[in-house]
Structure formats: C-alpha cells, structure tokens
Amino acid sequence: MRVMLSGYIDVPIPELSAVETALEEHITQTLAEPGCLSFDVTPHPEIEGRFVVRETFTDDAAFDHHQSRTKASVWADVTRNCERNYEISRQASDL
C-alpha cells in the first residue's frame, strides 16, 4: 500500500537561508532511497518561509526507512525549529 505525505513546513525567517541550503541535499538523498516514488518540497507562492511538501513511498517499510534516515540527518538538525503540518494517507498500489 502506497504511503503519501502532504502538507507544509513553516521555516522561521531567520533560519530560511540555512534550510534552503540544506534542502537540495535532503531532496537528493530522499529521491535515492529505495521505495521513494516522489518527493517534492517547494516554496509556497504567497507565504514566505512556508514550503509545500508532497511525498510518495511504495509502502510502510520505505516510508519508515525515510523517517528514520531523516531523523538522523543534517536536515533534522537544520529544521528542528520548524513547524510541520502533515497528513499521511495510504492508497492501494494498483490504483
């Protein structure tokens, strides 16, 4: 069953530059993970410091691996003060 995460992360403006610098590597590492089908983090067009997040993984194991890797990454450290608002859903893979 595919796992999809969607929502946003709000970055405090004083930390925006550091987060933007770390984002490229975070995206590269995530897209290279086994089971990652898509991973998009894009600036919100109207709200400064907000990034829209959309992720899709093949299954719970791939999603759980991503979560574990991320918690031990530079990204986790750089975004520790960021507020996240995410929804996680699951969809049968054959749809």
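Computation of the quantities below employed the complete heavy-atom set of this structure, encompassing side-chain atoms and omitting hydrogens, waters and symmetry-equivalent molecules. Numbers for residues simply follow the sequence, beginning at 1.
- Between R69 and Q29, some side-chain heavy-atom pair lies under the 4.5 Å cut-off.
- Screening residues 15-29 for salt bridge (charged side-chain N to carboxylate O under 4.0 Å, His left out), with sequence neighbours left out, gives no hits.
- Side-chain contact between T58 and F63: absent, with no pair of heavy atoms (C-beta onward) separated by less than 4.5 Å.
- Atoms OG1 and NE2, on T30 and H65 in that order, are 9.0 Å from each other to the nearest 0.5 Å.
- For H66 and F57, the ring centers sit closer than 6.0 Å to each other.
- Residues I27 and L37 are members of separate hydrophobic clusters, defined by side-chain heavy-atom contacts under 4.5 angstrom among Ile, Leu, Val, Met, Phe, Trp and Tyr.
- You'll find the side chain of Q91 stays beyond 4.5 Å of the side chain of M1, heavy atoms only.
- Residue V53 forms a side chain to side chain contact (heavy atoms under 4.5 Å, CB included) with just one option from T42, N85, V41, and that option is V41.
- Distance check, rounded to the nearest 0.5 Å: OG of S6 to CD of E55 gives 9.5 Å.
- No hydrogens or angles considered: a donor-acceptor pair under 3.5 Å links the side chains of R84 and T79.
- For the residue pair T70 and W75, the shortest heavy atom distance occurs at CG2-CD1, 3.8 Å.
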Inset, instruction - Check step by step if side chain to side chain contact (heavy atoms under 4.5 Å, CB included) holds for D10 and F51. - result: CA-CA 6 Å; D10 284 332; F51 291 83; over 6 Å; no
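- Cluster membership for L5 and L23, using ILVMFWY side-chain heavy atoms within less than 4.5 angstrom, is shared.
- M4 and L31 sit in two unconnected hydrophobic clusters of ILVMFWY residues. Membership requires side-chain heavy atoms under 4.5 Å apart, directly or through other members.
- By the 30° and 60° cut-offs, the orientation of the rings of H26 relative to F39 is perpendicular.
- Crowding of R54 atom CZ: a count of heavy atoms from other residues, nucleotides or ligands under 6.0 Å not exceeding 12.
- Checking S89 against R2 by side-chain atom types alone, no donor-acceptor pair falls below 3.5 Å.
- Contact of the V3 side chain with the I88 side chain is registered, since non-hydrogen atoms from C-beta on lie closer than 4.5 Å.
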Inset, instruction - Go through V11 and R50 one step at a time and tell me if the side chain to side chain contact (heavy atoms under 4.5 Å, CB included) criterion holds. - result: CA-CA 6 Å; V11 179; R50 178 169 288 179; over 6 Å; no
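- What you find for C82 and P12 is that their closest heavy atoms are SG-CD, 3.9 Å.
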